[in-house]
Amino acid sequence: METRQQGFLDSGSLREADEDMASEVNLNSSTLTEEEREEIQQELAKLEDEINTLKQVLSSKEKQHAELKQKLGITPLSELRNNFSRGWHDMQSSTAYKRTSETLSTAGQRTSAAFNTFSSTITRKIGDMRNSPSFRSFEEKVETTVSTLKTKVGGTGTGGSFEEVLSSAANASSHDTPTNSFMASSEGPC
């Protein structure tokens with residue numbers, strides 16, 4: 001019983017091909033003499049021996065190849081990683097990749113410039129809006145309303161700029177939380 005490692009060539013498919021080729025050649029043809037038939041059969045046997053020898057050599061070389069890789073510590077995963085790295089490097093060095101990279105870089109720069117222009121335009125427009133008479137009128141009305149409310153609620157009514165009024169209102173609301181007054185009143189007699 002012959003034990004061989006399957007290599008790149010499958011022995012079954014070669015035998016089928018050999019049989020197909022042999023069936024196409026008609027050895028019983030009347031044009032071939034007995035000597036010619038024997039010669040062809042010997043040549044066929046010789047070719048089959050050579051094929052088997054080559055298969056054995058290939059199988060031996062494949063085993064040797066696998067052993068050398070194992071000694072070097074080359075695993076299928078490391079081979080895959082190396083192939084991927086080599087492919088990535090080859091792709092990056094291609095002219096198509098370089099052109100695409102340059103195009104995307106240029107597009108990114110242009111987009112960044114457009115956003116910067118847009119941002120500065122919006123900032124300028126907001127500044128213009130704050131300096132407009134209608135916004136100043138609105139700001140004065142808010143300040144007056146807040147001053148009036150502070151005076152009615154018990155504040156000093158000092159007024160000030162819009163920003164000062166907002167920050168003082170925020171500070172006042174953070175010191176007087178409803179939970180503090182509720183807790184003080186709940187501690188009384190029931």
Side-chain angles (χ1 to χ4, degrees), residues 1-132 134-135 163 166-167 170 174 179:
M1 178 177 202
E2 181 181 325
T3 59
R4 283 193 299 152
Q5 180 183 4
Q6 290 284 337
F8 290 113
L9 302 174
D10 185 24
S11 61
S13 63
L14 283 178
R15 287 190 185 125
E16 291 171 8
D18 291 339
E19 290 172 2
D20 290 343
M21 201 164 45
S23 66
E24 289 175 7
V25 176
N26 188 0
L27 295 178
N28 294 328
S29 173
S30 60
T31 59
L32 292 177
T33 65
E34 189 64 34
E35 285 179 19
E36 289 173 336
R37 265 189 248 132
E38 264 184 47
E39 188 178 313
I40 291 173
Q41 286 178 343
Q42 287 175 353
E43 188 176 340
L44 183 61
K46 184 179 173 183
L47 281 175
E48 287 175 352
D49 287 342
E50 287 177 8
I51 289 170
N52 287 330
T53 303
L54 289 173
K55 284 181 186 180
Q56 290 172 354
V57 169
L58 179 62
S59 176
S60 171
K61 295 292 182 184
E62 286 176 340
K63 285 179 187 177
Q64 185 181 7
H65 181 257
E67 289 170 358
L68 291 175
K69 277 184 163 182
Q70 186 178 15
K71 285 180 181 177
L72 289 174
I74 299 173
T75 63
L77 181 61
S78 66
E79 279 187 287
L80 179 66
R81 202 174 337 167
N82 289 339
N83 289 341
F84 181 74
S85 295
R86 194 175 314 117
W88 180 252
H89 180 267
D90 292 346
M91 184 191 70
Q92 285 180 326
S93 62
S94 71
T95 56
Y97 179 84
K98 288 178 181 177
R99 286 181 187 161
T100 303
S101 178
E102 290 170 2
T103 302
L104 290 176
S105 176
T106 303
Q109 291 169 354
R110 288 182 182 169
T111 303
S112 177
F115 278 125
N116 286 338
T117 303
F118 178 73
S119 174
S120 63
T121 301
I122 293 295
T123 302
R124 189 177 65 246
K125 291 291 183 184
I126 290 174
D128 291 347
M129 185 180 76
R130 285 196 75 188
N131 294 330
S132 71
S134 58
F135 187 81
E163 288 85 12
L166 285 178
S167 66
S174 67
T179 56

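Only a predicted model underlies this, so the values are computations on that prediction, with no experimental measurement involved. Along the sequence shown, residues carry numbers from 1.
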Hey, what do you get for [atom1] ([X]) to [atom2] ([Y]), rounding to the nearest 0.5 Å?
X	Y	atom1	atom2	value
Glu38	Leu32	CD	CG	12.0 Å
Ser60	His65	OG	NE2	13.0 Å
Glu50	Asn52	CD	CG	10.5 Å
Thr117	Ile122	OG1	CD1	11.5 Å
Thr121	Phe115	OG1	CZ	13.0 Å
Asp128	Lys125	CG	NZ	6.5 Å

Do side-chain atoms of [X] reach the backbone of [Y] as a donor and acceptor pair under 3.5 angstrom?
X	Y	answer
Ser93	His89	yes
Ser120	Asn116	yes
Ser132	Met129	yes

Would the number of heavy atoms belonging to other residues, nucleotides or ligands and lying under 6.0 Å from CD of Glu35 be above 12?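 Check fails, neighbour count at 12 or below.
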
Does atom CD of Gln70 have more than 12 heavy-atom neighbours, drawn from other residues, nucleotides or ligands, at distances under 6.0 Å?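 Open.
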
Residues Ile74, Asn82; criterion side-chain contact (heavy atoms from CB on, under 4.5 Å); working and verdict: CA-CA 10 Å; Ile74 299 173; Asn82 289 339; 5.9 Å; no

Over all atoms of both residues, closest heavy-atom pair of Gly73 and Ser78: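 In this case the closest contact between Gly73 and Ser78 is O-OG, 4.4 Å.
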
Please list all pairs passing the salt bridge (Lys or Arg N to Asp or Glu O under 4.0 Å) test where one or both residues lie in residues 71-97, with sequence neighbours left out.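 Listed by first then second residue: Lys69-Glu79.
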
Excluding sequence neighbours, so at least two apart, what forms salt bridge (charged side-chain N to carboxylate O under 4.0 Å, His left out) with Glu43?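 Once residues adjacent in sequence are excluded, Glu43 has no partner under the salt bridge (charged side-chain N to carboxylate O under 4.0 Å, His left out) criterion.
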
Give every donor-acceptor pair under 3.5 Å between a side-chain atom in residues 102-114 and any protein atom, sequence neighbours left out.
unit_1, atom_1, unit_2, atom_2, d
Thr103, OG1, Arg99, O, 2.8
Thr106, OG1, Glu102, O, 2.9
Thr111, OG1, Ala107, O, 2.8

